[in-house]
> 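Structure incoming, see below.
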Amino acid sequence: MNFYLTAFLLGLSLSVIAMGIFISMKIFNIPDITTDGSYTLGAVITAICLSHGYPLWLTYLLAVFGGALAGSITGFIHTKLKINALLAGILVMTALYSVNLSLLGRSNLPLLNVRNIFQSLSFISDIDRNTFFILLVITTLLWVGLSLMLKTDFGLAMRATGNSESMIKALGVDTDRMKIIGLAISNGLVATSGFLVAQYQGFADINMGIGIVIVGLGSVMIGEAISHWFNISSIWINILLVIAGSIAFQVVLAFTLSLGIDANLLKLITALFVLFIVSLPNLSFRKN
Amino acid sequence: MIELKNVSKTFNKGKANEVNALKNTSIKIEKGEFVVVIGENGSGKSTFLNLVAGNIYPSEGNIYLQGEDVTKLPEFGRSRWIARVFQNPLSGTASELSILTNFRLASLRTQRKKMVIGTNRKFVEKVKEQVSSLNMGLENKLEQSMGSLSGGQRQALTLLMSVMDEAKILLLDEPTAALDPRSAQLILKTADQLITQYGLTAVLVTHNLKDAYTHGNRILQFSEGEIIRDISSSEKEKIQQTDLYAWFE
Ligand SMILES: Nc1ncnc2c1ncn2[C@@H]1O[C@H](COP(=O)(O)OP(=O)(O)OP(=O)(O)O)[C@@H](O)[C@H]1O
Ligand SMILES: [Mg+2]
């Protein structure tokens with residue numbers, strides 16, 4: 001049972017990545033690979049700051065800032081230097097590997113004797129419950145914040161940028177600037193997830209981000225499939241479904257591993273699982 | 001209101017496929033004029049409109065809107081003056097967003113899109129009132145996505161959207177090309193009404209010579225990147241519809 005609780009908590013932590021991917025992928029239609037690097041960056045900054053005794057709030061601010069900066073660099077390369085978005089993301093992700101490694105100074109930094117967010121903020125004496133509570137509050141806050149933002153005039157302009165660029169330009173929006181801001185927000189969220197996971201797992205690792213974009217993408221796809229199924233247009237529920245998608249994703253992975261499958265095959269299983277979700281609409285379509 | 005001074009536009013300069021889409025063109029369009037632009041395919045009509053709108057920049061020459069030099073101002077900066085209706089109904093609206101959201105954004109064309117929720121009851125009522133003037137029954141479907149509407153409905157809404165915020169110039173590039181004859185007439189009738197009601201300066205590109213004859217008060221004929229005819233409103237009153245056909249022989 002503890003196994004599934006761990007998966008559930010990890011799913012909550014990673015749902016913040018899924019929200020970030022929701023912005024880049026669903027709102028802007030940009031496949032953003034920066035994610036792999038900015039997730040690790042968030043974790044690396046968190047590990048370094050906490051082990052140097054920085055306060056939690058400052059640590060978080062720096063982590064988010066790092067992610068947002070990485071995202072805006074990708075946005076800049078894509079819009080101003082007119083480089084394909086996928087390539088721009090790969091470039092920044094690759095560069096971030098070196099940045100992360102030199103920041104960290106080694107490939108793995110454990111957070112053994114530091115007070116993390118789950119210890120600093122204690123509401124419930126039971127550790128697992130307290131962790132669950134904190135993650136739930138953070139995800140809920142981000143869910144509400146993001147949904148509200150997408151309802152504002154600024155958020156509407158953001159959504160139109162990904163949907164009809166010719167229209168929104170004629171309506172006075174600098175779409176380049178909009179995309180840069182969008183990717184900054186997206187990667188700021190991704191770094192937030194790195195901030196949480198580093199503390200949840202108790203370490204930052206240089207390789208922890210490899211393939212994480214797929215996990216986020218898979219969660220978004222699960223959310224979208226359900227949203228499509230029930231014909232849901234509310235942005236609130238759509239983002240909520242993405243969060244649920246992330247939890248479902250981790251639980252399914254945990255289940256697969258509990259069947260005794262080699263942990264080395266985890267990434268392969270992840271990829272196959274996402275492939276399955278992505279192709280599901282096409283497969284069922286053919287039957288009809 | 002709109003002025004081009006010695007404007008040229010060359011695509012693929014210096015390459016084998018170099019095109020002089022607009023050649024050393026100077027023209028002045030006064031406030032309140034409704035100019036109809038005609039000319040064969042590839043004669044530079046869209047290039048002219050795009051230069052005014054700012055989604056392409058001139059290779060040479062200057063462009064002025066209300067006396068202000070906007071030659072280097074990007075398209076989003078010119079939305080202060082200009083509202084556009086495109087040939088493709090998909091280009092002027094966001095399919096995945098609701099009618100209401102499209103109107104909300106259109107109502108902020110000349111303003112900053114701030115971090116506030118502006119789609120309130122009062123705004124919904126305003127949009128309802130505007131949309132009901134089309135008599136298409138769309139006023140009760142404001143939450144529907146734009147993508148669920150027909151091309152004609154979308155063009156009609158795009159036209160209305162252009163007057164949701166203060167506009168001075170309306171650019172229409174073959175707005176009825178994708179529509180059936182009845183929808184096309186409705187669009188042009190609506191355009192006529194809005195242009196008069198709001199005192200807009202308008203430029204309409206069309207291949208339909210009957211429309212060119214019935215609408216607007218000035219005709220420009222383009223050919224191979226040049227304006228070869230400029231018919232003022234007093235001259236326009238004297239010509240017959242058949243004269244227009246003769247210009248293309
Ligand atoms: N982006 C571009 N790149 C290269 N050539 C272009 C571009 N846009 C237009 N042209 C060329 O410029 C010339 C004028 O094109 P334009 O679109 O202005 O014609 P038009 O009068 O609008 O024609 P139509 O009636 O077919 O819409 C054409 O030869 C066209 O091929
Ligand atoms: Mg054209």
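Residue numbers start from 1 in every chain, and the chains themselves are labelled A, B, ... in the order their sequence lines are given, proteins ahead of strands. What you see below is based on every heavy atom in this structure, not just the backbone, and it leaves out hydrogens, waters and symmetry mates. This one's a predicted model, so the numbers in the text were calculated from it and none came from an experiment.
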> What part of B:T93 lies closer than 4.5 angstrom to a heavy atom of chain A: side chain, backbone, both or neither?
backbone
> Of the backbone (N, CA, C, O) and the side chain (C-beta and beyond), which part of B:L171 lies under 4.5 Å from a heavy atom of chain A, both, or neither?
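Neither part.
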> With a 4.5 Å heavy-atom cut-off (strictly below), which parts of residues 232-249 of chain A touch chain B? List them by number.
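Near chain B, by residue number: none.
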> Taking atom CG as the centre, does B:N17 end up with more than 12 heavy-atom neighbours from other residues, nucleotides or ligands that are less than 6.0 angstrom away?
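Yes.
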> Look at atom CD of B:Q130 and say whether more than 12 heavy atoms of other residues, nucleotides or ligands are closer to it than 6.0 Å.
yes
> To the nearest 0.5 Å, what is the distance between OG1 on B:T201 and CD1 on B:I169?
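Reported value, rounded in 0.5 Å steps: 6.0 Å.
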> Compare all side-chain heavy atoms of B:D173 with those of B:K45 and state whether any distance is below 4.5 angstrom.
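No. Closest side-chain heavy atoms not under 4.5 Å.
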> May I ask you to check if B:K13 and B:F11 form a cation-pi contact, with NZ or CZ under 6.0 angstrom from the six-membered ring centre and within 45° of the axis?
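No, a cation-pi geometry is absent between B:K13 and B:F11.
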> What residue in B:E143, B:R78, B:R84, B:K113 has the most heavy-atom pairs under 4.5 Å with chain A?
B:K113
> Kindly indicate, with the supporting measurements, whether the criterion side-chain contact (heavy atoms from CB on, under 4.5 Å) is fulfilled by B:T190 and B:L186.
CA-CA 6 Å; B:T190 313; B:L186 178 77; 4.2 Å; yes
> Quick one: which residues of residues 59-83 of chain A reach chain B at under 4.5 angstrom, heavy atoms only?
none
> A side-chain contact here means heavy atoms from C-beta on lying under 4.5 Å apart; do B:L157 and B:V131 qualify?
yes
> I'd like to verify something: which residue of A:I168, A:L156, A:T175 has the highest number of heavy-atom pairs under 4.5 Å with chain B?
A:L156
> Could you tell me the separation between the CD1 atom of A:I23 and the CG atom of A:D32, rounded to the nearest 0.5 Å?
11.0 Å
> Can you measure from CE (A:M25) to OG (A:S186) and round to the nearest 0.5 angstrom?
11.5 Å
> Inspect the contact between B:E166 and B:K168 and indicate whether a charged nitrogen and a carboxylate oxygen are less than 4.0 angstrom apart.
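Yes, charged N to carboxylate O under 4.0 Å.
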> Chain A heavy atoms under 4.5 Å from B:L97: which part of the residue, side chain, backbone, both or neither?
both
> Output the option from B:G118, B:S91, B:G54 having the highest count of non-hydrogen pairs under 4.5 Å with chain A.
B:S91
> Check whether B:N102 gets within reach of chain A through its side chain, its backbone, both or neither, counting any heavy atom under 4.5 Å.
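Both parts, backbone and side chain.
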> With a 4.5 Å heavy-atom cut-off, do B:F123 and B:R104 have their side chains touching?
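A side-chain contact under 4.5 Å exists here.
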> Does either side chain, that of B:T110 or that of B:D165, offer a donor lying less than 3.5 Å from an acceptor on the other one?
yes
> Counting only heavy atoms not in A:F276 (residues, nucleotides, ligands), do more than 12 fall under 6.0 Å from its CZ?
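12 or below, so no.
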